[in-house]
Structure formats: C-alpha cells, structure tokens
**Q** 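Could you have a look at this structure, given as structure tokens, before my questions?
When a ligand or atom number is given, it counts from 1 through the structure's own listing order.
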Amino acid sequence: MSVNEAIEWVENRNPGEKEFHQAVREVFESLEPVIKKHPEYSKQKILYRIAEPERAITFRVPWEDDNGNVNINKGFRVEFNSAIGPYKGGLRFHSSVNMSILKFLGFEQILKNSLTTLPMGGGKGGSDFDPKGKSDSEVRRFCVSFMSELFRHIGPNTDVPAGDIGVGGREIGFLYGQYKKLTNRFESVLTGKNFNWGGSLIRPEATGYGCVYFCTEMLKTKGDSFKGKTVSISGSGNVAQYAAEKAIQLGAKVITLSDSDGTIHVPSGLTKQNWDFVMELKNVKRGRIEECTDAFDCEFHKNEKPWKFDADIALPCATQNEIDGKDAKMLLNNGCIAVAEGANMPSTPEAINAYLAAKIFFGPAKAANAGGVATSGLEMAQNHVGLSWSREEVDKQLHNIMVNIHSSCINASKKYGFEGNYAAGANIAGFIKVADSMIDQGIW
Ligand code: NDP
C-alpha cells in the first residue's frame with residue numbers, strides 16, 4: 001500500500017469533499033516513513049480504515065422562528081473513530097457546515113485527541129443553522145429540536161460532544177436541558193457546561209490559553225518568549241478571546257482581532273479595558289467587531305484579514321483556510337517568526353509550505369489547539385468522580401498537557417526524519433497510538 005494510493009482511494013470514494021481531502025492529504029503525506037517502517041499498517045489497511053468514519057448520521061432539524069415560520073436545517077454527527085475512547089469533538093453551528101467540513105474536523109480530531117494522551121476517540125457534528133442574528137428563543141427552539149434526534153446517538157461512554165463555532169455556553173445549556181428531559185439522566189454527555197451544573201473551570205479559556213502555551217514552548221527552544229512581541233489574532237470568538245488574554249498577560253502586544261465583517265487594528269495593542277469591552281460585545285451583546293471603533297482607539301478594515309499588519313506572531317483563531325499562500329508571504333515579509341493555529345486547518349497547504357520553507361515556528365492545529373479538548377477530557381474526569389478541581393489545578397494540568405504535546409511533536413519529528421517540522425511530528429505521534437489500538441482490537 002502506498003500513501004498516494006490511499007489518498008487517491010479516499011478522494012475517489014468521497015467526491016467533492018475538498019476540505020476532507022485537504023486534511024487527509026496533509027496527514028497521509030507525512031506518514032510515508034511511518035508506513036515504510038511498519039508493514040503491519042499496510043497489511044491491516046489502517047490508512048483506508050482510519051479515513052472512513054465508523055458512523056455518520058444526518059437528520060432533519062425543524063424549528064419555528066419568532067414569526068411562526070417553520071424552518072428546516074440539516075443536523076449531523078460524524079462518529080469517526082473510537083479506537084482509544086468514546087467519540088469526542090465539538091458541534092459547529094454555521095451556515096457553511098456540510099459533510100466535507102465535518103469529516104475534515106472529525107478526522108483531525110482523531111489525531112488531536114490521541115496527542116492529548118487522554119482516552120478520547122474522534123467525532124464532530126453540527127448543523128447548517130447560523131445562530132447569528134437569531135433571538136435567544138429561536139436558538140433555544142433550534143437546540144431542543146437538534147437534541148431531540150441527537151440524544152439517541154450519544155452518551156457519556158459513547159459520544160460526548162462539545163462546542164465549536166456558533167456553539168458556546170448558551171447553546172450547550174439548551175442542548176443539555178433537552179438531553180436531560182429526554183433521558184431523565186444527569187450525566188457527562190456534553191462538555192463546555194456551565195460550572196454550576198458540572199462544567200470545568202478553565203474550559204472556556206482552554207483552547208486559547210493552550211495555543212499560547214504551545215507557542216511559548218516553541219519560542220523557548222530558541223530562548224525566546226511572548227514578552228514584547230507583537231501578535232496578530234484573527235477571530236473574536238471563544239478561542240481568539242482567550243488567546244488574546246493570555247498573550248497580553250505574558251507581556252505581548254495584541255494588535256488585531258476580527259470577525260466575518262473585517263479586522264480591527266489596534267497599533268498600540270489591546271488593553272485589559274479594551275479586552276473587557278470585546279468580551280461584553282461578543283458574549284453578551286452579540287455585536288460586531290466594528291463596534292469597537294466607537295469604544296476605543298482602533299481602525300476597522302472592512303472585509304480584510306489581519307495578516308497584512310507587521311507582527312512577530314500570528315495566531316489564526318477564526319476558521320479553516322483563512323491564511324492562503326499570499327497571506328503567508330505577507331506575514332513572512334512583515335517579520336513573522338511563529339504561527340500557532342488556534343482554529344482548525346486555518347492555513348492552506350501553500351501557506352504551510354511557505355512557513356516550512358522559511359523555517360519559522362509552525363504549531364499545527366491538532367497540537368496547538370488541543371488544549372480545548374484536553375480540558376474537556378478533564379471535565380469528563382471530574383464528572384466521573386463527582387468533583388470540581390480549582391482553576392489553578394485545571395490550568396496546571398492544561399499547561400502540562402501542552403508541554404507534553406510539544407515534546408511528543410519534537411520527538412516524533414526527529415525519529416522519522418522531519419526535525420523542526422511540528423506538523424509532521426503531530427501527525428505521526430497522534431497516528432501511531434490510534435493505529436496500534438485499531439490493530440489490537442481486530443478488524444472493525
Ligand atoms: P466562535 O464561534 O466562538 O468564534 C468564531 C470566530 O471566527 C468569530 O469571530 C467568527 O466571526 C469568526 N469566523 C467564523 N467563520 C468565519 C469566516 N468564514 N470568515 C471570517 N471569520 C469567521 O468559535 P470558536 O472560537 O470556538 O472557534 C474558532 C476556531 O477554533 C474554529 O476553527 C474551531 O474549530 C477551532 N477550535 C475551537 C475549539 C473550542 O474549544 N471552542 C477547540 C479547538 C479548535 P463571525 O461572528 O462574524 O462569524
């Protein structure tokens with residue numbers, strides 16, 4: 001079995017699923033030396049099996065809007081791989097959601113969850129419903145309808161969804177309420193819950209903080225740090241908010257945030273007061289990033305991405321393929337020394353090639369943003385023993401996990417001839433554990 005044959009097989013079998021093809025190609029190409037060294041993976045057709053979801057469910061989600069109109073959305077859950085634990089991965093509510101996007105996310109999730117060292121398989125789900133501009137009541141009615149089907153497929157030892165784009169604390173609350181009503185069970189079936197009813201402290205912060213912790217480890221290898229660095233961040237949702245907070249705490253100057261309307265540029269760097277304003281704007285008022293121009297000194301660049309501004313470090317925290325080859329060149333020309341991905345697959349293959357050719361630090365999503373799911377794993381552990389750990393305890397564990405993921409990437413990349421390439425290291429380290437577990441468990 002050659003890697004190229006496996007890629008071709010996946011592409012032919014899943015026509016038109018371009019995001020899924022992109023994710024599979026990126027991973028498989030870095031597995032070439034692993035497949036050569038382990039003939040058992042070829043014999044057992046692991047590349048073919050790992051790229052086929054164990055189960056992919058689609059369902060109808062009808063709901064009534066505030067004007068009494070009936071709307072119909074698509075619901076999905078891709079239960080991709082349970083070799084090392086129950087399916088685990090977020091739910092995304094966004095108009096762009098389709099099977100290709102969820103399969104790319106679910107596939108990445110398998111390897112990411114493996115890297116955390118916690119017992120979690122890979123899954124992802126969501127809907128083409130967009131909560132933007134909907135009232136709280138509309139979002140609640142949608143969530144109730146979505147869970148009225150999803151509940152029969154999930155469970156604390158089967159499949160444990162969390163949040164992602166468009167699914168935050170409000171949505172997790174509505175979804176959990178309906179799960180409980182239908183099953184009459186209070187159990188750890190979702191993560192990202194509010195602390196009062198079983199959530200973990202630091203879970204909201206975990207993906208953004210973890211991304212900055214991972215980037216700190218990369219910088220440390222050259223005796224460098226965030227202190228005094230200029231940082232561009234894209235997005236202004238959950239991941240971007242806490243990446244910004246941690247970078248500021250570590251002495252960096254955060255000069256951009258964005259949403260799908262455009263980018264704010266804050267040349268002097270976001271202050272704590274500016275950050276508080278963004279938190280209120282995005283999480284309570286559910287407003288647009290442009291509104292920051294009314295509140296503090298910044299410029300709004302409509303329909304522009306953050307990558308044209310001079311920055312030492314880029315933290316893409318919005319969505320897939322938000323840095324293309326041209327953006328990457330711009331970042332490099334503007335002095336960027338590190339990119340750590342808070343979002344999933346935010347860099348196109350051309351962008352990744354540009355980072356690797358320039359030999360800057362590149363922390364790939366499945367390593368750099370694994371802090372979110374790792375802390376979801378810690379939330380499940382707390383739920384199982386009926387305890388809540390302190391902020392300090394969870395943050396310490398999150399930090400250790402990110403340090404260990406960094407070491408795993410370095411070790412695997414060295415062992416297989418990709419020294420300095422964290423992307424290859426993350427793919428290899430994540431893959432081997434899942435592949436070996438699949439072989440242990442027979443042919444399924
Ligand atoms: P949120 O919904 O909280 O925020 C998403 C942000 O990205 C918003 O500012 C949104 O702007 C912007 N955005 C979304 N789509 C686009 C687009 N097509 N073009 C431009 N901007 C866009 O999501 P999260 O912060 O939770 O997730 C962000 C990324 O991080 C995603 O890739 C997600 O998969 C990844 N991730 C999230 C984890 C988590 O724990 N939440 C864990 C690991 C990865 P607007 O409001 O205008 O749409």
**Q** For Q320, is the nearest heavy atom under 4.0 Å from an atom of ligand 1?
**A** no
**Q** Find all atoms of ligand 1 within a distance of less than 4.0 Å from any non-hydrogen atom belonging to R203, and give their numbers and elements.
**A** 40 (O)
**Q** Check if M345 has a non-hydrogen atom at a distance under 4.0 Å from any atom of ligand 1.
**A** no
**Q** State which residues pass salt bridge (Lys or Arg N to Asp or Glu O under 4.0 Å) with R77; sequence neighbours excluded, sorted by chain then number.
**A** D159
**Q** Which of these, T207, T191, I165, has its nearest heavy atom closest to atom 42 (C) of ligand 1?
**A** T207
**Q** Under 4.0 angstrom from atom 28 (C) of ligand 1, is there any protein heavy atom?
**A** yes
**Q** Below 3.5 Å, N or O to N or O, backbone or side chain included: is there any such pair between S236 and ligand 1?
**A** yes
**Q** Please list all pairs meeting salt bridge (Lys or Arg N to Asp or Glu O under 4.0 Å) that have one or both residues in residues 241-256, counting only residues at least two apart or in different chains.
**A** none
**Q** Taking atom 3 (O) of ligand 1 as the point of reference, which of N238, N321, I101 owns the nearest heavy atom?
**A** N238
**Q** Answer with yes or no whether S258 contacts ligand 1, where contact means a heavy atom under 4.0 Å from a ligand atom.
**A** yes
**Q** Closer than 4.0 Å to some heavy atom of R92 - which atoms of ligand 1 meet that?
**A** 31 (C), 32 (O), 33 (C), 34 (O)
**Q** For ligand 1, which atoms, with element, lie under 4.0 Å from some heavy atom of C317?
**A** 28 (C), 29 (C)
**Q** If you measure from atom 21 (N) of ligand 1 to every heavy atom of S260, G163, A365, which option wins on shortest distance?
**A** S260
